[in-house]
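Read through the structure below, which is laid out as structure tokens, and then see the notes.
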Amino acid sequence: MLRNFADDCSSRLLSVASLPLIAALFSISPAANSQEIGERMALAKAAADAEQQLHQTFTNLQFEDFGPAPVKGPLYQASAGGRIVYYAPESEHLLFASIFDKNGVNLTALAQEAGAAKRLKAIDTAVAFAVGPENAPTIIEFTDPDCPYCRALDRYWAAKAAEGKPVRRLVFFVSGIHPEAAAKAEHILCSSDKEAAFKSIYAGSAPAVLRTCAEGRTKVEAHARIVGSAGITGTPTLIAGGKLISGFQQAEIEAFLSSAKTAHAPR
């Protein structure tokens with residue numbers, strides 16, 4: 001039986017991970033029973049089979065090593081703050097990863113886009129604070145006046161507008177992260193020139209007195225409800241072209257602007 005197994009394994013591509021299992025098999029103590037021997041043989045064969053299948057399925061990739069992962073048991077998919085995460089309850093592991101099929105399709109990205117599209121339907125954009133020209137490509141932006149990355153994103157949008165690539169931003173204020181965020185959002189929404197107040201706050205100004213008004217307070221509260229129902233937990237978060245972008249991810253934003261420019265190009 002051992003000879004047959006060794007002959008079978010010799011015809012396969014064995015890895016650094018598989019070899020210790022083979023070595024363990026042949027160093028079994030005299031006290032080991034047939035069940036233990038069988039289990040070790042099964043593990044070694046499974047490792048060899050898995051590595052061979054990996055190379056056969058993803059022929060365009062080169063793998064330097066191969067070994068067992070710490071994750072055990074079934075894997076489940078969940079959504080947290082717009083991101084897809086994976087949970088293995090047996091080994092209590094949480095995975096932040098992207099899963100690709102054998103054709104190179106990013107299944108995680110597709111799941112995130114489907115989730116974003118679902119949340120988009122529940123967002124009432126009529127209560128958003130709009131910034132930018134109406135005929136420009138439109139994005140939904142969840143932002144916080146005291147978030148440094150949100151301020152960097154605002155500077156980025158200004159630079160793009162100067163290049164002749166403006167966007168229409170449908171802004172929702174996230175007021176549960178920084179203590180003064182709600183007050184600053186209300187100040188913006190209560191100003192006579194809301195867009196100027198927005199740019200001033202995001203440029204770092206700190207007015208001695210923040211404006212207040214019932215209308216602004218009501219809208220801030222409406223934004224908070226939408227933020228909660230959409231599951232937004234971080235800023236900035238964008239929904240651009242039906243795709244959710246978590247954080248100031250310039251490459252992803254540039255890709256959206258490029259596709260939006262193509263879509264709006266004259267035919």
Side-chain angles (χ1 to χ4, degrees), residues 1-119 238-247 249-256 258-259 262:
M1 184 175 182
L2 291 178
R3 179 182 297 275
N4 291 339
F5 177 71
D7 290 342
D8 180 59
C9 285
S10 67
S11 65
R12 300 175 184 274
L13 179 63
L14 295 181
S15 69
V16 175
S18 305
L19 291 175
L21 291 173
I22 300 294
L25 173 63
F26 289 100
S27 62
I28 296 173
S29 68
N33 56 36
S34 59
Q35 181 179 354
E36 184 178 351
I37 293 173
E39 288 175 353
R40 294 193 185 188
M41 290 171 63
L43 285 173
K45 187 176 186 300
D49 287 345
E51 184 171 10
Q52 185 180 49
Q53 185 175 348
L54 175 68
H55 286 270
Q56 290 175 345
T57 304
F58 297 94
T59 55
N60 60 328
L61 295 176
Q62 296 295 322
F63 301 95
E64 285 74 34
D65 54 21
F66 184 84
V71 178
K72 297 178 182 179
L75 198 62
Y76 296 93
Q77 179 176 297
S79 178
R83 291 189 61 181
I84 298 297
V85 298
Y86 301 96
Y87 178 58
E90 185 175 329
S91 55
E92 296 187 328
H93 283 104
L94 191 64
L95 285 74
F96 293 84
S98 293
I99 293 179
F100 293 82
D101 68 9
K102 64 181 180 181
N103 297 314
V105 176
N106 188 332
L107 302 179
T108 304
L110 291 179
Q112 288 187 166
E113 289 174 16
K118 183 179 179 180
R119 287 191 293 274
L238 307 176
I239 298 178
K243 180 180 180 181
L244 187 137
I245 303 175
S246 298
Q249 305 293 339
Q250 189 166 333
E252 294 184 49
I253 296 171
E254 292 282 358
F256 161 71
S258 177
S259 63
T262 302

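Sequence positions, counted from 1, serve as the residue numbers for this chain.
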Apply side-chain hydrogen bond (donor to acceptor under 3.5 Å, both in side chains) to [X] and list each qualifying residue two or more places apart in sequence or on a separate chain.
{"X": "Q35", "result": "E39"}
{"X": "S91", "result": "H93"}
{"X": "E254", "result": "Y156, K160"}

Open item on the list: Checking F96 now: which residues fulfil ring pair (Phe, Tyr, Trp, His ring centres under 6.0 Å) with it, not counting sequence neighbours?
Closed with: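 Applying ring pair (Phe, Tyr, Trp, His ring centres under 6.0 Å) to F96 gives none.
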From [X] atom [atom1] to [Y] atom [atom2], the distance as rounded to the nearest 0.5 Å:
{"X": "I84", "Y": "L110", "atom1": "CD1", "atom2": "CG", "answer": "10.5 Å"}
{"X": "I239", "Y": "S246", "atom1": "CD1", "atom2": "OG", "answer": "9.5 Å"}
{"X": "L95", "Y": "Q77", "atom1": "CG", "atom2": "CD", "answer": "12.0 Å"}
{"X": "F256", "Y": "L238", "atom1": "CZ", "atom2": "CG", "answer": "9.0 Å"}

Open item on the list: I'd like to know if the side chain of T57 reaches the main chain of L54, judged simply by a donor and an acceptor atom lying under 3.5 Å from each other, with no hydrogens or angles considered.
Closed with: no
Restricting to non-hydrogen atoms, name the atom on [X] and the atom on [Y] that form the minimum distance, rounded to 0.1 Å.
{"X": "H55", "Y": "F63", "answer": "CE1-CD1, 4.2 Å"}
{"X": "R40", "Y": "E36", "answer": "NH2-OE2, 2.7 Å"}
{"X": "E90", "Y": "K72", "answer": "CB-O, 3.5 Å"}
{"X": "F58", "Y": "F100", "answer": "CZ-O, 4.3 Å"}

Open item on the list: Restricting to side chain to side chain contact (heavy atoms under 4.5 Å, CB included), what partner residues turn up for Y76, sequence neighbours left out?
Closed with: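 So Y76 forms a side chain to side chain contact (heavy atoms under 4.5 Å, CB included) with P74, P89.
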Open item on the list: Once side-chain hydrogen bond (donor to acceptor under 3.5 Å, both in side chains) is applied, what residue pairs with a partner in residues 99-110 remain, sequence neighbours excluded?
Closed with: Y86-T108
